[in-house]
Amino acid sequence: MSQKPVRVRFAPSPTGPLHMGGVRTALYNYLFAKKHNGTFVIRIEDTDQTRFVEGAQDYIMDAMKWCKMMPTEGPGLGGDFGPYVQSERKEMYRPYAEQLIENGKGYYAFDTAEDLTAVREQAKQMGMPNWQYNSVTRGSMKNSISLPQDEVQRRLEAGDPYVIRMKMPRNEDIRLEDEIRGWVVVNTNNLDDKVLFKSDGMPTYHLANIVDDHLMEISHVIRGEEWLPSAPLHVMLYEAFGWEAPKFAHLPLLLKPDGNGKLSKRDGDRLGFPVFPTNWTTAEGDVFSGYRENGYFSGAFVNMLAFLGWNPGTTQEIFPMDELVEAFTLDRVSKSGAKFDPDKTKWFQQQYLRAENNTVLAEILQKEIEGDYPIERLAEVCRLMKERATFVKDIWTEGSFLLERPTEYDAKTTRKKWKGEAENYITEFKTILSETEDYSAENIEKVFKDYLASKEIGIGQVLPQFRLVLTGKGMGPSMFEITSFLGKEETIARIEIGVEALRKNEE
RNA sequence: GGCCCAUUCGUCUAGUGGUUAGGACAUGCGGUUUUCAUCCGUAAAACAGGAGUUCGAUUCUCCUAUGGGCUACCA
């Protein structure tokens, strides 16, 4: 068997922002292409000009860039198979539609939208909810099969609006082998005479996608499960043109976390998590939040997405992009829909945060906070705080005390711990600290423990109190690390301020 | 309604004609910790139902149920 080069495409329509499901489809295409040293193409499917949304295409490209899964062919990216926007390919489709008429696989139809609505309505009245334009009904409609040849000619010459429909044969089994689902067989009696070419001169999705996939030499069509019902039509189309069909893989759907059903953009607001990769603002000014703006790392987002419908068959869950590429195969994609889990997404983010380099984190943090602090100090803050953070911003909300003196002291801790000999112990320990030169965490710990031993008291009688005066809090990282970080001067100053403030508090 | 697809712990999933049906998230309980978080340990938790094939089915087949998708001159 000849091994054709792998070429896959992601084909969104610019009707709005790309949601998570779309991003996952793009991701699987990207992974598959990389895995096989193939090409990942992006093609914009804007054959429905009434649904065009300003900014959507830019949004899609930007989102893919953030996710680090950029295609290498597409609008603005170059490639030998352009243009990659279907509206710019408009003139290419008509000859193919006409070719279908010539070889008897398609026909002209003159029925107006009103005609069709009327017929459907009438059928519904008669108890048939699903009227279809097909081999049974086409004879009673206005088309080049039912109408006399000369009238068809006259109508065409007069410029009557028409569409071109697929002439679906009667009672034929269409078989297609899906890479994920195996053989799927559909009888043509269940398929209708789909419109392939619209009266506005544009092809429908069905025609455009076949023509473009063929012309762009696409080897594998990896798309959402919602396309499975029309896949047999697409197979018929390839046959009608005498083209070799690409391989198909239909991905399971992404489901909403509660109940059932396809994840939709409304679910995000309702349940409090983003459904979009990045923020999207509608023309009306409504903002739909994105993972990027919510503080997620793209690696965590992508890793989470990869596991919704796929797994490597091992217990490894943390996969940077290059390992994803290495491990990904279509045969490990599952068949059933996957419910999205916001908790698991947070877990991935936490894992990625913890694994990230402290200086890198500090650089992100620096952009998010107001104060102007040395990057080395911020990196230390990140080192101390990241074990107890999920997002970069948590590092600051939980750990800003490291760089800013406390202005208040946790009431509960004060009440429970700042009593008895607390002040005396802290004051004594301050004296010791003022005589200490080695402020390494190890030495502070030693000095502290020597003090405890000399007084024959327990750790709980001094350390929580020490934490309180130094940080104002009842919890946090190791006090020895904190003291070391603060340094002698700041430590002494904070003890004095803290003791004073707490004494006032008592009165 | 018709057609198509699917069905293992609450969720994501692994898995096999004979397994104590495994892991992760979340949850409960312990341990570590000055504390919180982390970390470690541990518990509870699943093969939708019914037939059939078979010595034996969670696994194979069929039926039912449930869920989902599609059913436009939308993609």
Side-chain angles (χ1 to χ4, degrees), chain A residues 11-15 45-48 50-51 86 109 111-113 116-117 120 124 127-133 161-165 178 180-181 184-187 189-192 194-206 208-209 223-232 250 252-253 255 257-262 304 307-317 332 334-348 350 354 385-390 394 398 410 413 417 448 458-468 471 473-480:
Chain A
S13 67
T15 54
E45 310 230 324
D46 59 345
T47 51
D48 184 357
T50 64
R51 295 213 307 161
Q86 288 183 330
D111 318 272
T112 64
L116 292 170
T117 311
R120 288 204 176 92
K124 196 178 281 180
M128 297 169 57
N130 191 31
W131 182 87
Q132 290 200 312
Y133 207 121
Y162 65 87
V163 301
I164 295 174
R165 284 182 181 271
D178 187 274
I180 294 168
R181 287 150 211 285
V184 176
V185 184
V186 179
N187 190 282
N189 288 352
N190 299 315
L191 267 22
D192 63 346
K194 276 271 179 301
V195 171
L196 301 176
F197 195 82
K198 301 186 276 187
S199 57
D200 66 357
M202 286 290 266
T204 61
Y205 168 83
H206 302 293
N209 123 80
R223 79 237 289 195
E225 188 186 328
E226 67 269 27
W227 293 110
L228 196 51
S230 54
H250 290 92
L253 262 15
L255 274 20
D258 66 328
N260 291 298
K262 206 158 78 161
M304 173 278 294
F307 269 71
L308 246 30
W310 171 86
N311 81 85
T314 66
T315 55
Q316 184 183 348
E317 294 199 87
R332 293 207 66 90
S334 47
K335 298 178 173 73
S336 50
K339 275 186 190 169
F340 168 69
D341 182 356
D343 282 332
K344 189 83 184 231
T345 310
K346 280 211 178 89
W347 179 79
F348 273 111
Q350 193 181 34
R354 210 177 299 169
M385 296 307 298
K386 70 179 176 183
E387 291 279 296
R388 57 207 79 214
T390 300
D394 299 338
E398 299 296 318
D410 182 69
T413 310
K417 304 287 183 184
F448 178 78
I459 206 165
Q461 287 177 271
V462 191
L463 206 54
Q465 294 75 2
F466 187 45
R467 177 183 297 282
L468 186 64
T471 72
K473 292 171 180 290
M475 57 176 132
S478 155
M479 276 315 293
F480 311 119

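Sequence lines set the chain letters: A, B, ... in the order given, protein chains first and strands last, and positions in each chain run from 1. Keep in mind the model is a prediction, meaning the values are calculated, not measured.
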ask   = Base, backbone or nothing for each nucleotide of nucleotides 31-48 of chain B, written B, S, -, heavy atoms under 4.0 angstrom, 5' to 3'?
value = ---BBBBSS---------
Sugar-phosphate or base contact per nucleotide [nucleotides 66-75 of chain B; S, B, -; heavy atom under 4.0 Å] = -SSBSS-BBB
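Proximity of A:Phe340 to A:Met304: side-chain heavy atoms (C-beta onward) are separated by under 4.5 Å at one or more points. For the pair A:Asp192/A:Trp131, no side-chain contact is recorded, criterion being any heavy-atom separation below 4.5 Å from C-beta on. With a 4.5 Å cut-off on side-chain heavy atoms, A:Ser336 and A:Glu225 do not count as touching. Looking at heavy atoms from C-beta onward, A:Pro312 lies out of side-chain contact with A:Arg332 at the 4.5 angstrom threshold. Proximity of A:Asp48 to A:Lys198: side-chain heavy atoms (C-beta onward) are separated by under 4.5 Å at one or more points. Looking at A:Asn209 and A:Arg223, their side chains come closer than 4.5 Å, going by heavy atoms from C-beta outward.
Remark: the backbone N or O of A:Leu116 is not paired with any side-chain donor or acceptor of A:Asp111 at under 3.5 angstrom. A:Lys339 contributes no side-chain N or O that, together with a main-chain N or O of A:Pro257, makes up a donor-acceptor pair within less than 3.5 Å. Judged purely by atom type and a 3.5 angstrom limit, A:Thr390 has no side-chain atom pairing as donor or acceptor with the backbone of A:Lys346. The backbone N or O of A:Gly309 sits less than 3.5 Å from a side-chain atom of A:Ser334, completing a donor-acceptor pair.
As rounded to the nearest Å, B:U13 and B:A6 have P atoms that lie 15 Å from one another. Remark: the separation of the P atoms in B:C62 and B:C47 is 23 Å, to the nearest Å. Rounded to the nearest Å, the gap between the C1' atom of B:U7 and that of B:C12 is 15 Å. Comparing the P positions of B:G30 and B:A37 gives a spacing of 14 Å, expressed to the nearest Å. A distance of about 10 Å separates the P atoms of B:U38 and B:U27, rounded to the whole Å. Comparing the C1' positions of B:U59 and B:A14 gives a spacing of 14 Å, expressed to the nearest Å. For the C1' atom pair drawn from B:A44 and B:U64, the interatomic distance equals 32 Å after rounding to whole Å. Only the C1' atoms considered, B:C3 is 28 Å distant from B:U8, to the nearest whole Å.
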request  = Evaluate the side-chain contact (heavy atoms from CB on, under 4.5 Å) criterion for residues A:Thr413 and A:Arg467: first the C-alpha distance (whole Å), next the side-chain angles of each, then the deciding distance (0.1 Å), finally the verdict.
outcome  = CA-CA 10 Å; A:Thr413 310; A:Arg467 177 183 297 282; over 6 Å; no
inquiry  = Would A:Gln86 and A:Met202 count as a side-chain contact (heavy atoms from CB on, under 4.5 Å) here? Give the steps.
reply    = CA-CA 9 Å; A:Gln86 288 183 330; A:Met202 286 290 266; 5.6 Å; no
message = Pair A:His250, A:Ile180 - check side-chain contact (heavy atoms from CB on, under 4.5 Å), show working.
response = CA-CA 7 Å; A:His250 290 92; A:Ile180 294 168; 5.9 Å; no
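In the displayed structure, A:Lys335 atom NZ is contacted under 6.0 Å by at most 12 heavy atoms of other residues, nucleotides or ligands.
When both pairing distances are held under 3.5 Å, B:G18 makes a Watson-Crick or G-U pair with B:C55. Under the Watson-Crick or G-U wobble criterion, with both distances below 3.5 Å, B:C29 is paired with B:G41. Base pairing analysis places B:A65 opposite B:U7; the two distances defining the Watson-Crick or G-U wobble pair are each below 3.5 Å. If you check B:A72 for Watson-Crick or wobble pairing at under 3.5 angstrom, you find it has no partner at all.
Atom CG of A:Leu463 and atom OG of A:Ser478 lie 8.0 Å apart (nearest 0.5 Å).
Using a 4.0 Å cut-off between charged side-chain N and carboxylate O, A:Lys473 and A:Glu398 make no salt bridge.
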Extract from the structure each pairing of a protein N or O with an N or O of nucleotides 58-63 of chain B at less than 3.5 Å, listing the distance.
none

Could you run down the sub-3.5 Å N/O contacts of the protein with nucleotides 13-15 of chain B?
| residue | atom | partner | partner atom | Å |
| --- | --- | --- | --- | --- |
| B:U13 | OP1 | A:Gly309 | N | 3.0 |
| B:U13 | OP1 | A:Ser334 | OG | 3.4 |
| B:U13 | O3' | A:Asn311 | ND2 | 2.8 |
| B:A14 | OP1 | A:Asn311 | ND2 | 2.9 |
| B:A14 | O3' | A:Arg332 | NH2 | 3.2 |
| B:G15 | OP1 | A:Arg332 | NH1 | 3.4 |
| B:G15 | OP1 | A:Arg332 | NH2 | 3.3 |

Polar atoms only, N or O, under 3.5 Å: list the protein pairs with nucleotides 27-30 of chain B and their distances.
none

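When the nucleotides B:G1, B:C3, B:A6 are ranked by their closest atom to the side chain of A:Asn190, B:C3 comes out on top.
The separation between A:Asp341 atom CG and B:C12 atom P is 8 Å, rounded to whole Å.
No engagement by A:Val462 is indicated, since no non-hydrogen atom pair under 4.0 Å with the nucleic acid exists.
A:Phe307 meets the ring-ring contact (aromatic ring centres under 6.0 Å, His included) test with A:Trp310, A:Phe319; sequence neighbours excluded.
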